[in-house]
Amino acid sequence: MKDFIETTWTYFHEHPELGFEEFATTKHIVELLEGFGYAPKVFPAGTGAVAVLDSGCPGPVLGLRADIDCLAFTTDGKVEKYHACGHDGNITMLLAAAKQLKEDGIKRGKVYFIFQPAEETLKGSLSVIESGYISDMEEIVGMHLQPDQEEQYGHAAPRLLHKSYGRVEVTVHGRNAHASLPYLGINATEAGVQIVNAVNCIRCDARSPYSCKVTIFKADGSSHNTIPDKALLVFDIRADTNDTMSQIMEKLKIAAEHAAASVGATAEISDEVICYSASYDPVLCDEVKSVLCDVLGEEQVRDACPATTSEDFHNYSNQMGAKAAYISLGASFTPFLHANHSFFNHDALLSGAKIWIGVAHKRLG
Ligand SMILES: [Zn+2]
Ligand SMILES: [Zn+2]
């Protein structure tokens with residue numbers, strides 16, 4: 001298995017592709033799966049694929065999910081693609097498990113091997129769900145290679161505590177006027193400042209961590225001596241729970257509308273939950289944890305790994321109602337995730353493949 005892992009990782013590492021452009025990646029995944037004896041299906045978007053191992057007996061319908069896209073970096077005007085989030089490793093671990101599980105077989109239910117496109121765009125999981133190819137899936141497990149800052153090498157947890165991630169756009173409408181006659185206009189920039197101050201006063205229960213801040217503020221009167229009539233503000237919101245996210249969005253709407261009104265402007269607001277927070281099934285997580293203990297040793301495993309990041313994985317539980325667990329696997333990812341030319345300890349890939357195999361056997365015999 002070690003040789004297979006290194007050869008397979010090298011191919012994907014040398015062929016990084018961005019979200020929904022993973023054509024060579026998908027072709028190679030499909031060819032390997034066919035070689036193992038599967039009949040994989042490519043998703044309608046044209047990238048990503050799913051293969052099924054069906055016992056033919058009743059039982060749980062389990063999904064094992066790996067994301068497959070890379071990131072882009074611009075250096076001296078040149079765009080370079082690189083697997084800076086370790087998805088080359090994620091693909092490799094799941095392929096190694098699919099290979100072994102085809103030989104082993106399972107006793108009940110079935111398992112989907114999901115090679116999901118476009119995680120980094122945060123739109124890939126929805127495209128997989130919309131394909132209908134995994135519509136009977138009842139439970140799903142994800143796994144990600146982690147930097148030491150989050151999970152020490154050789155350590156793991158069955159719950160990676162991804163945050164909810166939301167965005168609110170506020171378009172401010174004021175009234176144009178000559179800058180020497182400001183009382184005839186409504187200054188959209190000043191309204192925007194009121195909105196930022198009002199939003200900074202939003203409070204939620206501090207026992208559930210969150211942050212809400214302006215990240216874009218554009219106001220343009222076209223010239224220095226004109227009262228601007230338009231402004232755009234974008235707020236980035238992170239929250240530990242989906243409930244806190246909803247509360248912040250509701251409060252932000254009220255704050256922005258009233259702050260704009262205080263100077264006679266109006267605020268047009270659109271909001272979007274981009275990622276749901278992690279919500280995990282305790283029974284599935286316990287089973288995954290026991291597999292982690294078997295593979296890595298009890299001392300190396302904890303219940304949960306705190307994180308500041310978000311993932312589109314949580315659409316599977318929020319949109320499909322699938323029970324979920326998500327493994328944080330310490331791989332000494334250095335210097336950290338999303339750094340150009342980052343690297344990790346490849347020994348983690350063998351552990352990861354063993355964990356996938358263990359999870360499938362634990363649930364499906
Ligand atoms: Zn990433
Ligand atoms: Zn990633």
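Residue numbers count from 1 along this sequence. Each ligand, and each atom within it, is numbered from 1 in the order the structure gives.
- The ring of H162 has its center closer than 6.0 angstrom to the ring center of H314.
- For R238 and Y165, the positive end sits near the middle of the six-membered ring, less than 6.0 Å away and at most 45° from its axis.
- For F43 and Y133, the gap between ring centers is short of 6.0 Å.
- In this structure, H83 has its ring center no closer than 6.0 Å to that of F12.
- For the Zn ion (ligand 2), protein N/O/S neighbours under 2.8 Å (waters excluded) are C85 SG, H87 NE2, H144 NE2.
- Cation-pi contact between K99 and F4: present, with separation from the ring centre below 6.0 Å and deviation from the ring axis of at most 45°.
- Aromatic ring centres of Y82 and H13 lie closer together than 6.0 Å.
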